[in-house]
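Right, one structure below, let's go through it.
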Amino acid sequence: MTTARERAPGDQQWRVIDALAAVAADLGRPMAQVAVNWAANRPGIGAVIVGASSPAQLDTNLGALGFDLPPEARQRLDEASDPAVNPPYSMFTPRYQSRIVSPGLSVGDKPAGYAPPLVNRA
């Protein structure tokens with residue numbers, strides 16, 4: 001059984017929530033729409049499962065597919081969600097891999113036009 005403290009968001013989760021709230025406010029969209037849009041267009045994610053308890057909530061969720069996140073907004077959310085990786089696990093980050101394993105190459109895992117290429121910024 002988990003306690004309330006174990007279920008409460010930590011600093012990393014609050015950074016993502018704060019960035020999501022700010023981006024949603026800037027775009028004049030509900031946080032749920034921005035979150036679904038951002039998740040659906042992230043490299044490595046092939047599908048997003050959403051839930052709805054009412055037709056209005058379903059309409060809001062489906063509205064997430066009707067707009068493009070500006071690159072600045074996407075970058076803000078990506079940076080807020082980027083986990084801190086400590087050694088020795090940092091050798092598995094895209095930055096390390098692109099510098100050591102495949103210097104000069106960019107990494108992307110979705111077809112062109114589906115999402116922007118994955119940027120090695122770690």
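Only heavy atoms go into these numbers, but all of them, side chains included; no hydrogens, no water, no symmetry mates. In this text the structure is predicted, and so the values were computed from the model without any measurement.
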Inter-residue atom distance [X].[atom1] - [Y].[atom2], 0.5 Å rounding:
| X | Y | atom1 | atom2 | result |
| --- | --- | --- | --- | --- |
| N41 | L77 | CG | CG | 11.5 Å |
| I45 | W38 | CD1 | CH2 | 8.0 Å |
| D26 | L69 | CG | CG | 11.0 Å |
| S81 | Q12 | OG | CD | 7.0 Å |

Within the side chain of [X], is there an N or O that forms a donor-acceptor pair under 3.5 Å with the backbone of [Y]?
| X | Y | value |
| --- | --- | --- |
| Q33 | N61 | no |
| N37 | L65 | no |
| Q75 | P70 | no |

D59 atom CG, over 12 foreign heavy atoms within 6.0 Å
yes
Between V23 and the options R74, R29, M31, R76, the side-chain contact (heavy atoms from CB on, under 4.5 Å) test singles out R76
Practice prompt. Determine, using the 4.5 Å side-chain heavy-atom cutoff (strictly less than), whether V34 and I17 are members of one ILVMFWY cluster.
Written response: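 Same hydrophobic cluster.
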| Linking I/L/V/M/F/W/Y whenever their side-chain heavy atoms sit closer than 4.5 Å, directly or via other members, would F67 and L62 fall into one cluster? | no
Contacts of S54 meeting side-chain hydrogen bond (donor to acceptor under 3.5 Å, both in side chains) (sequence neighbours excluded), chain-then-number -> none
Show the numbers, then the answer: is there a side-chain contact (heavy atoms from CB on, under 4.5 Å) between D78 and R42?
CA-CA 9 Å; D78 288 346; R42 298 225 358 132; 2.3 Å; yes
